[in-house]
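One structure is given here, and the rest of the page talks about it.
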Amino acid sequence: VTRPPSISVDGSICLRPWTTDDVEPLFDAVMADREHIARWMTWADGDYTIDKADEFIAACLAGYASTTSLLDFAIEVDGAVAGGMGVPRSAVEHREYEIGYWLTRPLTGRGIVTRSTQSLTDYLFRDHGAHRVQIAALAENHASRAVAERLGFRLEGVFVNSRLNRGEWQDMAWYAITEDEWTVRPDA
Ligand SMILES: CC(C)(COP(=O)(O)OP(=O)(O)OC[C@H]1O[C@@H](n2cnc3c(N)ncnc32)[C@H](O)[C@@H]1OP(=O)(O)O)[C@@H](O)C(=O)NCCC(=O)NCCS
């Protein structure tokens, strides 16, 4: 079984593999304000149930056991599940990885996802062989785009009408940074 490592972000934030004990905490973190997440993430739209949380955790554990390239982390803040961060789509043969994230509403606006994304990007470049790291956000998702922009990811393009979100075709903004750019950025 190959589990992702735990990545310490700072004294209170940690990225760590999901465990079977996380089903209820995951459900609670989503349900603290489901609409906040469902507005942008299809998996939370419609009914979100404890069974869905259970299925997600089971899929993560199965993924850990079957591949070394899949990465799915709980964002833990002060010892409690606060959100999720993962690398859902990758082209491993090209050493290209894409980071995705969500955070329970009550903890937003404190830089938690910016700092977590910084740590995961560091990990991907330094320890996971990444050459290029991407972030994709619906064009109207300003909070998510701000995370990419704050970390120096470059806006490479806006894919017009490329995602169906809540019955509407929406644009997707694609950001990326390469290994050489990451290591020479001002706050490296
Ligand atoms: C998008 C999302 C993940 C952002 O998470 P977050 O932790 O609130 O993001 P951050 O706190 O890092 O950045 C947001 C704000 O915190 C502020 N902030 C506060 N302290 C900060 C610090 N120490 N470092 C960086 N930013 C800080 C930033 O200035 C920013 O404020 P602004 O948006 O008013 O400019 C979260 O809103 C979310 O889960 N949304 C719903 C799901 C979603 O859209 N996921 C992404 C799909 S692509």
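Start at 1 and go down the list; that is how both ligands and their atoms are numbered. Only this structure's heavy atoms are used, side chains among them; waters, hydrogens and symmetry mates stay out.
For ligand 1, the atoms sitting less than 4.0 Å from at least one non-hydrogen atom of Asn141 are 43 (C), 44 (O), 46 (C), 47 (C), numbered in the order shown with element in parentheses. Applying the 4.0 Å criterion to heavy atoms of Ala136 picks out, from ligand 1, the atoms 48 (S). Listed by number with element, the atoms of ligand 1 under 4.0 Å from a non-hydrogen atom of Thr114 are 10 (P), 12 (O), 13 (O). Of all the atoms in ligand 1, the ones that sit under 4.0 Å from a non-hydrogen atom of Arg115 are 22 (C), 23 (N), 24 (N).
Judged by distance alone, the side chain of Lys52 and the main-chain N or O of Ala44 form no donor-acceptor pair under 3.5 Å. A donor-acceptor contact shorter than 3.5 Å is absent between the side chain of His128 and the backbone of Asp122. In this structure, Arg154 contributes its side chain and Ile177 its backbone to no donor-acceptor pair below 3.5 Å. Between the side chain of Asp171 and the backbone N or O of Asn161, at least one donor-acceptor pair lies under 3.5 Å.
We find that Asp22 and Arg16 are joined by a salt bridge, their nearest charged nitrogen and carboxylate oxygen being less than 4.0 Å apart. Between Glu168 and Arg163 there is no salt bridge, since no side-chain N of the basic residue sits under 4.0 Å from a carboxylate O of the acidic one. Salt bridge status for Arg166 with Glu35: present, with a side-chain N to carboxylate O gap under 4.0 Å.
Counting only heavy atoms of the protein, atom 7 (O) of ligand 1 lies nearest to Val113 N, 3.0 Å. Among all protein heavy atoms, the one lying closest to atom 39 (O) of ligand 1 is Leu103 N, 2.7 Å. Residue, atom and distance of the protein heavy atom nearest to atom 48 (S) of ligand 1 are Ser144 OG, 3.2 Å. In terms of protein heavy atoms, atom 37 (O) of ligand 1 is closest to His36 CE1, 3.6 Å.
Summarising the contacts of atom 32 (P) of ligand 1 with Gln118, His142, Arg150, the nearest heavy atom is found in Arg150. In this comparison of Tyr101, Trp102, Trp40, the heavy atom closest to atom 45 (N) of ligand 1 sits on Tyr101. Closest heavy-atom approach to atom 21 (C) of ligand 1 within the set Ala173, Gly111, Ser116: this belongs to Gly111. The residue among Ala143, Gly100, Gly83, Gly109 with a heavy atom at the shortest distance from atom 15 (C) of ligand 1 is Gly109.
Using cut-offs of 30° and 60° on the angle between ring planes, the pair Phe125 and Trp182 is tilted.
Not one N or O of Thr108 is nearer than 3.5 Å to an N or O of ligand 1, by distance alone.
Between Glu96 atom CD and Ser90 atom OG the span is 8.0 Å, to the nearest 0.5 Å.
Note that atom 2 (C) of ligand 1 has no protein non-hydrogen atoms nearby, at separations under 4.0 angstrom.
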